[in-house]
Protein chains: 2
Amino acid sequence: MREVAALAGVSLKTVSRVINAEPAVSETVRSRVVGAIQRLDYRHNHAASSLRRSDRKSSTIGVLLEDVANPFSSALHREIEDVALQRGVLVLAGSSDEDQAREQQLIAAFTSRRVDGLIIVPASHDHSYLLSERRAGTSMVFVDRPPAFLDADSILTDNQAGVRQGIAHLIAHNHRRIGYLGDLMTITTAAERCQGYEQELASAGIALDPQLVRLNVHGIDKADAATVELLGLREPPTALFTSQNLLTIGASRALHRLDLHHRTALVGFDDVLLADLLDPGITVIAQDPSTMGRKAAEQLFRRIDGDQSPSVHLVVPTRLITRGSGEIRQ
Amino acid sequence: MREVAALAGVSLKTVSRVINAEPAVSETVRSRVVGAIQRLDYRHNHAASSLRRSDRKSSTIGVLLEDVANPFSSALHREIEDVALQRGVLVLAGSSDEDQAREQQLIAAFTSRRVDGLIIVPASHDHSYLLSERRAGTSMVFVDRPPAFLDADSILTDNQAGVRQGIAHLIAHNHRRIGYLGDLMTITTAAERCQGYEQELASAGIALDPQLVRLNVHGIDKADAATVELLGLREPPTALFTSQNLLTIGASRALHRLDLHHRTALVGFDDVLLADLLDPGITVIAQDPSTMGRKAAEQLFRRIDGDQSPSVHLVVPTRLITRGSGEIRQ
DNA sequence: TTATAAGTTGATAACGTTGTCAATTTCGGT
DNA sequence: ACCGAAATTGACAACGTTATCAACTTATAA
């Protein structure tokens, strides 16, 4: 910048003014500075700038996801990116892999880079480590899972209601032995979904058979194996509810291999690409990650812009999409 | 940091030394400083630090993808993140949406934040705008598509060979009328794949019927519509080759709806989740985005660490995965 | 005991930028 | 030609940190 100023024959401050498009600069000088910038191909240092500026904004936000490669996470991510880019804000993304240590490591890395805000799909269950960060003025919005020991905005899915709708759907098709595949119980949503399962069975007056419930099943392969186990029981379930997208895929894979996909009903939580083309198509309780991402980003920027109102807790509804697998009658 | 120094009764520099784990600091003082840091919950300012440090590293890289929500892109992204995080490097991710302007906007935003390096899946065809950035010392690696008017490392898929293998596979199953769905011809890989199609037909002595070739088909819905058109021809194709993952999904959707999925052969480029469970399973030419991402990130960090050797151009092979749809005989 | 080396610590400047405020130039009205 | 106001420009300090180098303390050897 010093060189640009010298070449244009002006002061540092004037170059700064041109770069920041401040009004008080004559057209003559402006074009001279612009020329110098191009000749020297000067590159503005955003970090130095935000260090000195009074707003102290980095125009960067941090997004902590479960796994950037998971379809649900990446749909969230994309929507957040679009809202952010409209404001010239960049997105630092990271995957927690449901690991609390990795979550904290990533968040610490985000905050030491002075992100203006955080969008968090938390893996941990105590976010008091973020209190000082909040006090320091970093805005944050939780998505998919609520904050614990911390008051912050959240955008959640109505997990219990969603699962109950799915289970009710199976019950309406005469199923009484409904197997359940649950993700790691450390994941808040997994616990909530499991409760939904129990509640809906209870309200239908169906006794819960613990044999039919497999919890802490994580990832496609584990789901595949658990499904094989369930269907190998002396009294196997006539229907399955899989409570996460990868579990749905794993269960579906097992059902197909066992050639039971036309006999065992299946409803999954969270939609999956291509689910409509399978035979039968997979009936799902669809979440709406795009809406969640957009709402989360919009709320975050409202906070960044200074909104101090009490925490907002938004619940995004789910939607039952019937495609065949959930309509197999007992 | 000033406050920490005051509370611990030491100088700024000593606090800095503790934070950077420099050896020359006594255990007494160190623990006093650590205590002060915790009491004041001091947060290190990475931006200010890298501004002053001699290595001038931001420990951040920029990754430009086609769309963070596309499975191929997000698999790349995830692998890059893992390599980066091992080194304490964070990833700024962005989606170009095949839009040159958006690509340049994002890259400019990355570089003004002084990323240490860039991993680029380019949408544009002239990367000379990056020359000055290179000169300024930013490392860069191109993935999936080569740089143009710029000498830089690249990690590519052998598109032509992959497509030729797929087309040869269809020809081996007696197909002569093979429809082709190509993505936007502005995308380098789309053009290469199309050439592979033409070459393999030529080398098998099959005349190319322009009616069977639909180019510039982008996204699931367009692919669906194009497939319907192709199969509505007076002499429809007996097999289809779809040259991108979303196109494969769109075509598959159309085939199922038309109930032609057991009669019309289909081979797709790039693998798709659940493709194994369809009936028939979708035969694909699989790329290996994880390997590409890992190699790209490793090469980038080699450059960041000072490797000045001539540009490396790595080609990652494809793999034919037969699942049924490509083995339908004519 | 002293000289010397090794280990600690701190004062100051600097990184690239912008906020503050004062200085200078330009312009409209007399 | 001159005044005052408005527009333009610049000098300097500061943002939070680390590099440099000098000063101090302690340990070691003669």
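Quick note on labels: first sequence line is chain A, next is B, and so on, each numbered from 1. The shown structure was predicted, so the numbers you read here are calculated from the model rather than taken from an experiment.
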**Study point:** B/D307 side chain to B/R302 backbone, donor-acceptor under 3.5 Å
**Key:** no
Check your understanding: To the nearest angstrom, how far is B/R113 atom CZ from C/dT17 atom C1'?
Key -> 15 Å
Practice item. Evaluate the ring planes of A/Y42 and A/H44, with Trp represented by its six-membered ring, and classify them as parallel (under 30°), tilted (30 to 60°) or perpendicular (over 60°). Key: perpendicular
Exercise for review: Round to the nearest Å and state the distance from A/R53 atom CZ to C/dT18 atom P.
Suggested key: 7 Å
Exercise for review: Grab the CG-C1' distance between B/L51 and D/dA19 for me, whole Å please.
Suggested key: 13 Å
**Study point:** Among D/dT18, D/dA13, C/dC15, the nucleotide that comes nearest once only the side chain of A/R2 is considered
**Key:** C/dC15
Exercise for review: Determine, for B/E98 against B/R145, whether the closest basic-nitrogen to carboxylate-oxygen distance falls under 4.0 angstrom.
Suggested key: yes
Practice item. Figure out the CZ/P separation between B/R43 and D/dC15, and round it to whole Å. Key: 16 Å
Practice item. Check the pair A/V18 / A/V10 against side-chain contact (heavy atoms from CB on, under 4.5 Å), numbers first and verdict last. Key: CA-CA 11 Å; A/V18 170; A/V10 296; over 6 Å; no
Exercise for review: Sort out for me which residue in A/I61, A/L92, A/T138, A/V141 forms a side-chain contact (heavy atoms from CB on, under 4.5 Å) with A/L118.
Suggested key: A/T138
Check your understanding: Which part of the nucleic acid, if any, lies within reach of A/R114 when heavy atoms closer than 4.0 Å are counted: base, sugar-phosphate only, or nothing?
Key -> nothing
Exercise for review: Report yes if at least one side-chain N or O of B/N20 is closer than 4.0 Å to OP1 or OP2 of D/dT18; otherwise report no.
Suggested key: yes
Check your understanding: Atom CD of B/E22 to atom P of D/dA19: distance rounded to whole Å?
Key -> 7 Å
Point to revise | B/S/- contact track for nucleotides 5-10 of chain C, protein heavy atom under 4.0 Å | key: ---SBB
Revision key, fill the gap. In whole angstroms, the gap separating C1' of C/dT17 from NE2 of A/H46 amounts to 12 Å
**Study point:** Between P of D/dC15 and NZ of A/K57, the distance in whole Å
**Key:** 17 Å
Practice item. Please confirm whether A/H125 and A/F149 have ring centers closer than 6.0 angstrom. Key: no
Review point. B/N45 CG to D/dA14 P: how many Å, rounded?
Key: 18 Å
Check your understanding: Could you give all pairs that pass the side-chain hydrogen bond (donor to acceptor under 3.5 Å, both in side chains) test and reach residues 57-66 of chain A, with sequence neighbours left out?
Key -> A/S58-A/D116, A/T60-B/R113
Exercise for review: Please check the phosphate of C/dG16 (OP1 and OP2 only) for any side-chain N or O of B/R52 closer than 4.0 Å.
Suggested key: no
Exercise for review: Considering just the side-chain nitrogens and oxygens of A/S49, establish if one lies under 4.0 Å of OP1 or OP2 belonging to C/dT17.
Suggested key: no
Review point. Does A/H44 place a side-chain N or O at less than 4.0 Å from the phosphate oxygens OP1/OP2 of C/dT18?
Key: yes
Practice item. Tell me which of A/S54 and A/A48 sits closer to the 5' end of DNA chain C, going by the nucleotide each one is nearest to. Key: A/A48
